[in-house]
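Accompanying notes for the structure given below.
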Amino acid sequence: MITSTANPQVKNLIQLVKKAKVRNEQRLFVVEGIRMFREVPLDKLKEVYVSESFYKKEKDTVKEVLKDSKIRVEELTDTVFSHASDTKTPQGILCVVEQMNHKISELTSAECPLIMVLDHLQDPGNLGTILRTAEGAGVTGILMDRECVDIYNPKTIRSTMGSIYRMPFLIVDDAVGFVKGLKARKICTYAAHLHGVHSYREEDYTKGTAFLIGNEGNGLTDAMAEAAECLIRIPMEGKVESLNAAIASAVLMYEAHGQRA
């Protein structure tokens, strides 16, 4: 049992939780909680850490999940585990997981792609909620520019509720160039924009479709909006100008889902 926060493994675990630079250098990220543990692809799982009190209650569950794996479970005292955890009330299990390695073909090669393009999104909860909702709505994949919040941020990971394992995504240097190239793939690009001429309900999403979603405070960058083939709007009542980015994404994704049903 590890009893000290000075333990090298624990120190590295804490760095992985706190610092995107360390996560990207090691190509790893950390997930927390029993649900995220149960759903993790075993070929991506690298390390498992449990608190002493959790392991007493859930040892059989942990062993059952890991029965086809050679991963060793590292037990920590409750105090050390709490120090490593990113949450105020830790569930008692942390996993170190290899970062995903999706390809562009996963986003675009489906018979009728449905892609979310995220431009400068900054809130980790929004990003995680979009991934989770995208899985539910049958989205093909998600594309992000490098200005977006780190997808491996612990708050983002928690908000995905496991969809991080299953929803294909790409992070690219030139998201605008990617969007411009979608036309050649017969994927129509729609920008959610305050200056949209048509309501989102007036368009046809039964063909290849990509929705462009901008920053929570500033919306889409001018370059991204100009790259879109069509500007659409979500009608607003009262004095509200726009919706939360995750809510707007959900409205659009499920409109496309409904049209394709």
Met116 and Thr140: CA distance, side-chain angles, deciding distance, side-chain contact (heavy atoms from CB on, under 4.5 Å) verdict: CA-CA 8 Å; Met116 298 301 295; Thr140 312; over 6 Å; no
Check the pair Tyr205, Tyr200 against ring-ring contact (aromatic ring centres under 6.0 Å, His included), reporting the backbone distance first and the verdict last. CA-CA 10 Å; Tyr205 309 126; Tyr200 74 100; 7.6 Å; no
Candidate pair Thr79 and Thr77, rule side-chain hydrogen bond (donor to acceptor under 3.5 Å, both in side chains), full reasoning: CA-CA 5 Å; Thr79 301; Thr77 64; 4.9 Å; no
Verdict with supporting geometry, Asp145 and His120, side-chain hydrogen bond (donor to acceptor under 3.5 Å, both in side chains): CA-CA 7 Å; Asp145 63 12; His120 287 59; 2.8 Å; yes
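Separating the CE atom in Met100 from the CZ atom in Arg27 is a distance of 10.0 Å, to the nearest 0.5 Å. Separation of atoms CD1 (Ile130) and OG1 (Thr160) is listed at 12.5 Å; rounding is to 0.5 Å.
Taking a cutoff of 4.0 Å between a charged side-chain nitrogen and a carboxylate oxygen, Lys103 and Glu106 do not qualify as a salt bridge. Taking the charged nitrogens against the carboxylate oxygens, Asp86 and Lys18 have no contact shorter than 4.0 Å, which rules out a salt bridge. The residues Arg72 and Glu47 are annotated as not salt-bridged, no charged nitrogen and carboxylate oxygen being separated by less than 4.0 angstrom.
There is no side-chain donor-acceptor pair under 3.5 Å between Glu147 and Asn215.
With sequence neighbours left out, His102 forms a ring pair (Phe, Tyr, Trp, His ring centres under 6.0 Å) with Phe169.
Residues Val40 and Val73 share a hydrophobic cluster, clusters being chains of Ile/Leu/Val/Met/Phe/Trp/Tyr side chains in contact below 4.5 Å.
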